[in-house]
Asker: 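Just passing along the structure, written as structure tokens.
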Amino acid sequence: MSMSEDIERKIDEIRATKELAGNRANMLESVFSAIPDLLYILDEEMRIVDFEVGVKSDLRLRDESSIRQKIQDVLPTRIGYKYEKNIEQCSLTGELVTFEYELHSGQATIYHEARIAKVASLNRFIVVVRDITTRKLNEDFIERQAYYDSLSGLPNRYLAMDRLDKAIERSKRNSKSCIVVFLDLDDFKTINDTQGHDIGDLVIAETSKKLSSLVRESDTVARLGGDEFLLILESLENVEGISNLLDKLIAEVGKPIFVSDTEIHYSISGGIAIYPSDAEDSKTLMRKADIAMYHSKAKGKNQYTFFSESMNKLIERRAQVERAMVGALEREEFSVLYQPQFDLMGESLIGAEALIRWQSPTLGGVSPAEFIPIAEHNGLIEKIGKFVLKEAIKTAKLFTASLSGELKVAINLSPRQLRDKDLVSFIVEQLKWYELPGTCLELEITEGVLLSNITNVQEVLGEVRKYGISISMDDFGTGYSSLHYLQEYPFDLVKIDRDFIEKIDTSARSRELVRAIVSMSHQLNIPVLAEGVETNEQLRQLTVFGCDYIQGYFMGPAVSSEEFVETWGNDRLIQEKLVWNRSSLKSGLGKN
């Protein structure tokens with residue numbers, strides 16, 4: 001090959017190399033114009049040697065003025081310090097280093113990910129920065145879905161338990177107390193059933209705001225699910241401090257909320273357990289706070305209770321009753337007894353109250369006062385209530401066939417039964433089956449039922465009365481609004497609570513209350529029945545006050561339907577039971 005040919009070949013090679021380098025440069029430029037990343041090169045003193053920025057990038061470096069500046073001078077101090085520490089690490093290890101940071105742009109926060117690699121042969125660092133804001137927002141959304149309640153915005157059960165574990169660890173290290181408060185809205189299911197789930201959700205949201213507004217930033221308010229909330233309180237040193245906070249919380253939650261000019265009333269009950277005196281781990285602490293909360297419910301709701309070891313026995317008993325109750329109806333463990341009711345002035349039998357009894361093979365006799373609230377809670381009350389209705393109507397048929405006079409059988413209705421849309425049709429169906437008129441039945445409604453926010457009470461009671469069924473207000477005087485309800489609802493009878501009758505011969509206050517109830521009811525043309533009459537003196541006092549009807553152990557205990565017919569089919573026995581000294585009654589009128 002001649003020299004000229006060799007030179008020409010070398011020139012072609014140089015041209016090809018330049019063309020390849022140009023093509024590569026053009027390709028790299030096209031790549032960087034298509035991606036939103038920022039790439040820049042730093043020297044060993046962390047000065048910017050060169051950079052490339054995608055057209056969509058908003059990553060701080062925008063013009064040539066950044067060349068030769070230190071990275072610490074281009075970015076905010078705290079970010080520059082992060083770069084310095086990570087470049088030092090990359091220089092020492094020679095490995096790729098990745099870290100994140102955020103920059104603020106107006107109202108927005110832009111999140112970045114930086115990757116640093118060292119080019120050892122050139123003593124240079126290549127840095128690639130990417131905008132990861134969308135990814136971070138997605139991660140935050142997923143985290144909130146996983147750890148926060150969507151309705152209230154509060155930490156959920158998972159996050160609450162994690163925080164409780166950490167709070168216990170801090171308390172252990174600092175020898176401090178950690179307080180757990182388990183909170184549960186009272187009768188929340190009734191609000192959902194009667195007002196609708198939209199109102200129920202509103203109640204949950206408002207309760208969340210109320211609870212959050214009264215605790216410290218260091219405390220945790222969580223929603224565990226449904227109507228259950230949890231408070232985690234650290235460094236409250238004394239019971240007085242806890243009590244003051246809980247008093248405020250219960251008072252605040254008890255304030256009504258307004259929906260379309262309608263007041264929604266509700267309350268909350270709480271249970272308190274303290275680390276380390278009550279328990280030293282989160283699960284046991286939660287369980288004991290839950291036990292204390294149920295104790296608050298049992299005491300009447302709208303209050304809080306500190307856990308005590310004696311509560312364990314009560315909870316275990318409750319669990320035993322719940323377990324034994326399952327299938328008890330099918331096993332025919334329940335029965336209905338009938339306590340006689342008398343016309344005090346007419347000296348005659350007027351009917352009986354149907355009273356359910358439970359004889360459990362494992363627990364023995366269980367009081368209705370114990371198992372009825374549990375049945376209300378677990379939903380079995382509806383089946384039990386229908387059982388009592390069927391038995392009572394069957395017994396009414398027996399009374400009609402075997403006893404003289406028109407006798408009524410009185411049956412107590414629970415709040416859950418009144419919510420049953422098939423209640424009236426079920427009663428009417430049973431009456432038709434036994435070919436009985438509605439006048440043989442009396443349905444007893446407590447004030448608690450009327451306070452339970454059941455919106456269709458008026459409608460149900462009105463429908464019932466169309467069939468001639470009587471309505472009575474049971475346990476009159478134990479609530480705050482009894483007189484209001486007497487005016488609002490179509491009651492045919494008022495039943496005075498046995499607590500007033502029990503003290504009528506020992507307490508002047510009770511005597512005056514009973515006298516006032518009788519007088520007020522008579523002014524409204526509603527007759528009165530006194531429950532729980534157990535002594536002759538109580539009988540005498542009620543006669544003086546003009547009470548219309550009586551019921552109680554003094555007159556006769558609750559017995560089976562067969563025994564009832566056998567006992568009270570004798571008119572002479574009724575006369576003997578109701579006899580008293582007319583002269584002593586007359587002479588005693590001035591003593592009351």
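Throughout, residue positions are numbered sequentially from 1 according to the sequence presented.
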Asker: If you count heavy atoms of other groups shown closer than 6.0 angstrom to CD of Glu316, is the number above 12?
Answerer: yes
Asker: Between the main-chain N or O of Lys283 and the side-chain N or O of Lys288, is there a donor-acceptor pair closer than 3.5 Å?
Answerer: no
Asker: Is there a donor in the side chain of Tyr275 and an acceptor in the side chain of Asp281, or the other way round, less than 3.5 Å apart?
Answerer: no
Asker: Indicate whether the side chain of Asp474 and that of Asn412 have a donor and an acceptor atom separated by less than 3.5 Å.
Answerer: yes
Asker: Hey, is Lys166 close enough to Glu169 for a salt bridge, meaning N to O under 4.0 Å?
Answerer: no
Asker: Which of parallel (below 30°), tilted (30 to 60°) and perpendicular (above 60°) describes Phe371 and Trp358?
Answerer: perpendicular
Asker: Ignoring hydrogens and angles, state whether a donor on the side chain of Gln417 or Glu382 is under 3.5 Å from an acceptor on the partner side chain.
Answerer: no
Asker: Any side-chain donor paired with an acceptor under 3.5 Å for Ser296 and Thr305?
Answerer: yes
Asker: State whether the number of non-hydrogen atoms from other residues, nucleotides or ligands found under 6.0 Å of Glu332 atom CD is greater than 12.
Answerer: no
Asker: Between the side chains of Gln341 and Gln551, is a donor N or O closer than 3.5 angstrom to an acceptor N or O?
Answerer: yes
Asker: Determine the minimum heavy-atom distance between Ile204 and Asp227, stating which atoms define it.
Answerer: CD1-CA, 3.9 Å
Asker: At what distance, to the nearest 0.5 angstrom, does OH of Tyr434 lie from NZ of Lys397?
Answerer: 10.0 Å
Asker: Any luck finding a side-chain donor-acceptor pair between Tyr338 and Thr395 under 3.5 Å?
Answerer: yes
Asker: Test: side-chain hydrogen bond (donor to acceptor under 3.5 Å, both in side chains). Region: residues 367-376. Which pairs qualify, not counting sequence neighbours?
Answerer: Arg317-Glu370, Glu376-Ser414
Asker: Is the number of heavy atoms from other residues, nucleotides or ligands under 6.0 Å of Glu330 CD greater than 12?
Answerer: yes
Asker: Please round to the nearest 0.5 Å and tell me the distance separating atom NZ of Lys255 and atom CD of Glu206.
Answerer: 12.5 Å
